[in-house]
Amino acid sequence: MFVKTKVVPWNYFRFSPLFSRMGKQGFFILTIGEFMINISNLSKDFIQADSTVKALNNVNIDIEKGDIFGIIGISGAGKSTLLRCLSGLETPTEGDIKIEGKSIVGLTGSKLIPVRKQMGVVFQGYNLLMQKNVYDNIAFPLKIAGAKKDEIDRQVKRLLAVVDLSDKQNAYPSQLSGGQKQRVAIARALATNPKILLCDEPTSALDPMTTKQVLNLLTEINKELNVTVVIITHEIGVVRKICNRVAVISSGEVAEYGNVQDVFSNPQSEITKLLLDWQV
């Protein structure tokens, strides 16, 4: 178990759901539980021909084991860049990311492989292999990992049952609905038994009924498989429906974060107020 205690300024309180007491000189002494993900002072710059774009700026977020954690913001806020840093697809310019207390920043090659096995990623737009059927799409990461044929078969059939697609194992993506494609993408992300499931806009292309089904599935996965879920979204309704904690991102920075009910019932930042005003 990774348990962390830290001393932080008083104004950190509105960003954190847990604290024990106020220390000397206006500082809170926090005793925080079991972290799955710890993001510290994270920044990401993209160098262009004649300028530097700061996609992330000094991001600090703690995600606890068992959370369904929402990261919400408008387009261009830096949400997807943050997810790519978490998954190892982007290297931060500054700062650190720890998974269960171990830094993953700067890992490459064989050292990065076990980290990526701990994380499943559900990409925006499904990213299914169109020339392969449902069974083979889910089996793909297991084959890459060198799993044995009987192990692959057991895992794929188990996951087909989890996402309620056992009758579609021989179907191809072109024969599936949007909701079914998303279920295949979720099953594939779970193939290596990850501890963390990263979801990039998992409901953005779905109708309300299918959105509800997919969110219910993610809730079941969180509870029954003990997977920590991180959801990138621009939809307040998604966060309200299944997330227990949320970070609001604006212009690459954390505007505020904490328990969903606390953040949305008493918003402190202008962007959170705008997001609440814009919801249908």
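Sequence positions, counted from 1, serve as the residue numbers for this chain.
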**Prompt:** Does anything in residues 128-151 pair up under side-chain hydrogen bond (donor to acceptor under 3.5 Å, both in side chains), and if so which pairs, sequence neighbours excluded?
**Reply:**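 The answer is Y135-D153.
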Neighbour count above 12 (heavy atom, 6.0 Å) for [X] [atom1]:
X	atom1	value
K102	NZ	no
K54	NZ	yes
E220	CD	yes
M130	CE	yes

Any chance the side chains of [X] and [Y] put a donor and an acceptor closer than 3.5 Å?
X	Y	answer
N60	S40	no
T203	E235	yes
N244	D67	yes
E100	N38	no
Q180	R183	no
T210	D207	yes

**Contacts of type side-chain hydrogen bond (donor to acceptor under 3.5 Å, both in side chains), residue E253, not counting sequence neighbours** =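 Partners of E253 under the side-chain hydrogen bond (donor to acceptor under 3.5 Å, both in side chains) test: N57.
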**Request:** State whether the side chain of T228 and the backbone N or O of K65 hold a donor-acceptor pair below 3.5 Å, judged by distance alone.
**Result:**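 Checking the backbone N and O of K65 against the side chain of T228, no donor-acceptor pair under 3.5 Å is found.
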**Request:** Please write out which residues are connected to I144 in a hydrophobic cluster, directly or through intermediates, given that two of Ile, Leu, Val, Met, Phe, Trp, Tyr count as joined at side-chain heavy-atom separations below 4.5 angstrom.
**Result:**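 Cluster partners of I144: L129, F140.
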**Smallest separation among heavy atoms of C243 and V260, with atom names** =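 Answer, listing the atom of C243 first, then V260: O-CG2, 3.3 Å.
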